[in-house]
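Scroll down for the structure; my scribbles are underneath it.
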Protein chains: 4
Amino acid sequence: MRIVRLRKGLSEAEKAVAVSRIQELSPGARVIGAGGDAPCFVRVEPKGVDAAAVPAEEFTRLENVQDVIDDAPEYALGSRRLRPEDTAVAVGGGAEGAVVIGGGRPPVVIAGPCAVEGYDQMARVAERLAALGVRLMRAGAYKPRTSPYAFQGLKKQGLEIMARVKREFGMKMVTEVMSGDRIDEVAEVADVLQVGSRNMFHYAMLQELGRQPKPVLLKRGMAAGMHEFLLAAEYVLAGGNRNVILCERGIKTFETATRNTLDLNVVPHVKQKSHLPILVDPSHGTGLRPLVAPMSLAALACGADGLLIEVHDRPEEAVSDGEQSITPVELAALLDAVRGAAAPARDAA
Amino acid sequence: MRIVRLRKGLSEAEKAVAVSRIQELSPGARVIGAGGDAPCFVRVEPKGVDAAAVPAEEFTRLENVQDVIDDAPEYALGSRRLRPEDTAVAVGGGAEGAVVIGGGRPPVVIAGPCAVEGYDQMARVAERLAALGVRLMRAGAYKPRTSPYAFQGLKKQGLEIMARVKREFGMKMVTEVMSGDRIDEVAEVADVLQVGSRNMFHYAMLQELGRQPKPVLLKRGMAAGMHEFLLAAEYVLAGGNRNVILCERGIKTFETATRNTLDLNVVPHVKQKSHLPILVDPSHGTGLRPLVAPMSLAALACGADGLLIEVHDRPEEAVSDGEQSITPVELAALLDAVRGAAAPARDAA
Amino acid sequence: MRIVRLRKGLSEAEKAVAVSRIQELSPGARVIGAGGDAPCFVRVEPKGVDAAAVPAEEFTRLENVQDVIDDAPEYALGSRRLRPEDTAVAVGGGAEGAVVIGGGRPPVVIAGPCAVEGYDQMARVAERLAALGVRLMRAGAYKPRTSPYAFQGLKKQGLEIMARVKREFGMKMVTEVMSGDRIDEVAEVADVLQVGSRNMFHYAMLQELGRQPKPVLLKRGMAAGMHEFLLAAEYVLAGGNRNVILCERGIKTFETATRNTLDLNVVPHVKQKSHLPILVDPSHGTGLRPLVAPMSLAALACGADGLLIEVHDRPEEAVSDGEQSITPVELAALLDAVRGAAAPARDAA
Amino acid sequence: MRIVRLRKGLSEAEKAVAVSRIQELSPGARVIGAGGDAPCFVRVEPKGVDAAAVPAEEFTRLENVQDVIDDAPEYALGSRRLRPEDTAVAVGGGAEGAVVIGGGRPPVVIAGPCAVEGYDQMARVAERLAALGVRLMRAGAYKPRTSPYAFQGLKKQGLEIMARVKREFGMKMVTEVMSGDRIDEVAEVADVLQVGSRNMFHYAMLQELGRQPKPVLLKRGMAAGMHEFLLAAEYVLAGGNRNVILCERGIKTFETATRNTLDLNVVPHVKQKSHLPILVDPSHGTGLRPLVAPMSLAALACGADGLLIEVHDRPEEAVSDGEQSITPVELAALLDAVRGAAAPARDAA
């Protein structure tokens, strides 16, 4: 794909003039990713006589055009071709300050139960997490379950519990949103809006998430290739929201020994192709508690920006995902191992 | 799962009494699928002391309980265990009468372009379809595309074109809905609301589709096993809408010679386990025009209730899916072959 | 790939001269598929300066060169580009005459138990098959089993039982060979040498099977794409044995509701790209007895040249694969349905 | 599965008596894994009245029976249930001493080109490897190639080159064997006999590899689940050869961005279930040079006993697999990173 980049700091009027000049050369051209002070890119349709026939110099000699980027991938805004430097996403804020994900920061750990089951459960886990220095908590109020008869989450009540736990324990919350018309409701409590694996292809919702400012944690679809994964992120980016965090959580394969096949290849591959941060969820990626710690270490070793881990203080009583949840004690050991493993890399930097 | 079936024709008050008696025996019990004059089933939670401990006779001797069905699958309402006879879904109505899908009727063919591209294209195709006796037309106004920069459908304008083509050519329309907040808008025109493969796991939308009466064409998720497929249908059925039509359209596998791997195993398997009609989409299931006709014949040979086929009068100019669209001339030949192949089966019946 | 075809009926000396002339133009050129009176093709290396630089006319004007075929697929000998007419494989012979597979003949049915379990079992099944007009029997003497502790077949004794059943019931035998050093032993009894799915990539054995004349039934590897499948066949063809019969038997996917995912797409796809006959094994392709009959009909509807079906007279006692074996009574019903379905196609031809 | 373990150090006569006593209780019982001074296990058939009916004490009170192990997995000899301590495989020997793989030793690196292309190429690479402290070299003389027309390896000549490089550079050689009748020939040069992914299901060869003493490097089949992988190893172990090294090399999935999907889940999973060492091949597991280093680090972080890496000094000229081969310079950097990452784990031990 051919992208024409405009100079930085143009006024809206200057942009409009430049775009219309470009459209004279290539009628299908349209602006992508120009939210706020973001750089302004114009996508020139890859198909058709016009774009192919026009030499790059025809564009570069136009006023306020900085350069022409040819062979940009279809996931242009998410690509390193257009933006070489790592994206750092700031989560939350307030008194405790934001937690930053990506941008070369030390790996973050987001931990918590599969579902909000009640205040007591959330408070017990939050207390343990806080004591371990974990500042980002995950938990589901709206739960996508395979069966309509299974527990679907505490919904509004779950959000209220989360809000209370945020206040009381200073946690930042990551929680799932399952439809466009719930974004506002969930965003009132959530610091990060999670898109679950089942909804990665729910493009209508991704478009709406692009029009609001909260960070979006986009889990890879269980049948999505890397290309589709980055294009799902592009749906959010194209709407103007640049705070996208990717998350590998395992794909569907013939292997039945584990719940999913955690595809860590995607981690360095995404890091090379894209500037977006990427986390790994070893809980869903394995489905088995004894595999969570080793796969967490593997994820960080190949460059993940952090982990999303299911933690429950009484896994055997968990309403869902108990067999893949670790305990706070196991999390403590994992965090020690993570910090140990990270040390030499830090020293080498 | 244990299901307690109430007698037919009970008043709401009688049902309420029976249910509360059942709940005395098994507190987690709840009614499923009691819309209108549908049979009333009470799902007894499979987990827990209560259900396991209580002998079936404790339920059957209650007033207005017809029987107890043990070992019902989790997709209870969609299962043949609860409803042995085939479901027949009536589509449309009006002057030309409804078209019935399933219930042992001869296979239906739903044909049309991937996307509404304009009135002229739709009218040309509709005219050809009508001449071939095809009464159900498919076309997308809202299109889920892998890239946010690809053509996303004509949207509202596309729906208006469909409405006009319906009037002028007496077609019934099958078209996709991509989010819960568009259901009303799309349902104004659509005779069948299609849920695309990418949205089969979009449970929030499935629940809303269960609360409205229009037939739902549920395409199998590209990574959904048969069990998950039937449970997605159960989301709609559990909401009270019994007009669900399944559609196999190929799954994701390692095979790259075809766009998807059409899994025809699922057709007889679903027919044996469920009373719902199932169609096959050989266009997406193969991605290659020369495979559409033979795989259509295979689909019907193993029991499919009909076909969903992409037809474009100028495939090479199609905005999307041109390489898997057949022409009206090819469709005519296919329909001849279908009618020829169906003859002996019909005669034998 | 570029192929230079020599004229038919050349002497070895004439061929040698022609080939050396071709090699002067393209040093990497080598003869493929010149067994007996087969047409002589010379494969010109697709890589390198020589082949690309030399115009086709340089080859066609050489003495005894018939023509140049450009863009032949890598599976050249198996492709319709080199041989447009269907291959028909004659199986067996002797007093009862051969059974012909492919070449537009009516579909064949190969039936029998997973494994030879003893003479009585084989005789009982053979008698029933003979009564149903089935002339090709399948059964394993050497069995590839996932566990080294599972029954591995009766081996030599199994072959002896097969030999007796052949004599007594006039059956032709299809049985598996698992290593190159067993080919001679198995070929003494077998009319068709079967290569199991697990050994489709066992190229060393395929090469040896190419050097002997018995027909080879090549089952698709459970992880082989169509391209790899046709190239495995090419290993046999390249050795000089043109009697190759393909067999689709299901691939490995995420779907666990069936033992494998039967990929019928491959049937018409192979028929379009290759002249080789292709059978379908609905027993392994589904793993479930109630799916065998409908998937048999589907296989034939999309163009399969025949079926490979596990039949056991006492499936519940079978040492292996009992749950996917049908009974002789079920086979009789299936054969009736097959003949009914085939009638109109035959009449239409 | 039920296993009866005999006491250590029994004479053959004592073993025979004990086994016949066990067989009186359970006629299907048979000895597994009794090569040399290995512990003697007797597998009691899991099926049938006898094994289920007989209480464990009936076996334990027999003379020379140590204990009864119930619920052993089908891959008994490879399981930690029967042998809790890690297996360490000694490779080579001679003047430089053996290299030990597994058993808690620091990770080994096996490096070298895909194929032996000639003496010069091998010598250049071996010299570089030796300088980096790498003592195990991989290279193929017999190559399984998808196309019969592709380079199939230098075969006998390739083995001779390997033998010379071994002598001159003190390397230990890992090379593939593709059929049972080549084992002796290959084993004359090889220190480790590699079974390629395509031949993991080639049980006839695995059985022969079990009857000879050289270590076997068993690559996971591209469509093999962990259970099948461990059972393939069991074929070798059951023959009496305990020197089995597993190797994860990627599986086939829908993902096309990488050549295979490297399934690192299998590493800690195998380590927990089995005592066998497991290596990882990031070259085939990714197919992309820039992913080799990060995935190597990930493999070791989750517990792999070593790496199998394709190294070519001129990847762009490699006859095969050039795009996934790293250079000696890149290998040097990777080895530095590996040693850095291993340090804290070593210190902590």
Side-chain angles (χ1 to χ4, degrees), chain A residues 220-230 250-273 280 282 285-304 336-348, chain D residues 220-230 250-273 280 282 285-304 336-348:
Chain A
R220 182 181 179 184
M222 52 191 87
M226 184 186 73
H227 193 74
E228 294 167 304
F229 190 20
L230 289 173
I251 56 173
K252 279 216 185 182
T253 72
F254 64 83
E255 174 61 277
T256 54
T258 43
R259 180 172 175 181
N260 289 290
T261 295
L262 190 67
D263 176 17
L264 291 184
N265 277 351
V266 86
V267 174
H269 210 190
V270 157
K271 298 296 288 182
Q272 288 165 14
K273 301 290 186 190
V280 168
T286 65
L288 297 169
R289 193 176 316 154
L291 301 187
V292 170
M295 297 314 290
S296 293
L297 295 173
L300 299 178
C302 63
D336 281 348
V338 164
R339 284 156 192 161
R346 228 185 6 250
D347 297 347
Chain D
R220 181 181 181 185
M222 54 192 85
M226 184 186 72
H227 193 74
E228 295 167 304
F229 190 19
L230 288 173
I251 56 172
K252 278 216 185 183
T253 71
F254 63 82
E255 174 62 277
T256 54
T258 44
R259 181 173 174 180
N260 289 289
T261 295
L262 190 67
D263 176 17
L264 291 183
N265 277 350
V266 86
V267 173
H269 210 189
V270 157
K271 299 297 287 183
Q272 289 165 14
K273 301 290 187 190
V280 168
T286 66
L288 296 170
R289 193 176 316 154
L291 300 188
V292 170
M295 296 315 289
S296 293
L297 296 173
L300 298 178
C302 63
D336 281 349
V338 164
R339 284 157 192 161
R346 226 182 12 246
D347 298 347

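The figures that follow rest on heavy atoms only: side chains count, while hydrogens, waters and symmetry mates do not. Here is how names work: the chains are called A, B, and so on, in the same order as the sequence lines, proteins then strands, and each is numbered from 1.
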**Beyond-backbone contact of A:Ile251 with D:Thr253, side-chain heavy atoms, under 4.5 angstrom** =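 A side-chain contact exists here, since the closest heavy-atom pair is under 4.5 Å.
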**Message:** Is the shortest side-chain heavy-atom distance between A:Leu262 and D:Leu264 below 4.5 Å?
**Reply:**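 The answer is no, as the side chains (C-beta and beyond) never meet within the 4.5 Å cut-off.
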**Structural part of A:Leu288 lying under 4.5 Å from a heavy atom of chain D** =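 A:Leu288 touches chain D through side-chain heavy atoms alone.
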Given that the side chain runs from C-beta out, which part of [X] has a heavy atom under 4.5 Å from chain A: side chain, backbone, both or neither?
X	value
D:Ala224	backbone
D:Thr256	neither
D:His227	neither
D:Lys271	neither

Just so I understand: if I count every heavy-atom pair under 4.5 Å between each of [options] and chain D, which residue has the most?
options	result
A:Met226, A:Lys252, A:Glu228, A:Met295	A:Met295
A:Gly250, A:Ala223, A:Ala304, A:Pro282	A:Ala223
A:Leu291, A:Asn260, A:Leu297, A:Thr261	A:Leu291

Over all heavy atoms of both residues, which pair between [X] and [Y] is shortest? Give the atoms and the distance, please.
X	Y	value
D:Ala301	A:Ala301	CB-CB, 3.6 Å
D:Cys302	A:Ala298	CB-CB, 3.8 Å
D:Gln272	A:Pro290	NE2-O, 3.0 Å
D:His269	A:Ala257	CE1-O, 3.4 Å

**Message:** Determine whether a donor-acceptor pair (N or O, by modelled atom type, separation under 3.5 Å) exists between the side chain of A:Asn265 and the backbone of D:Gly285.
**Reply:**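 Side chain of A:Asn265 to backbone of D:Gly285: a pair is present.
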**Asked** CZ of D:Phe254 to CE of A:Met222: how many Å apart, nearest 0.5 Å?
**Response**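 If I round to the nearest 0.5 Å, the distance is 10.0 Å.
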**Asked** If you measure from CD on D:Glu255 to CZ on A:Arg220, what distance do you get to the nearest 0.5 Å?
**Response**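 Output value for this atom pair is 5.0 Å.
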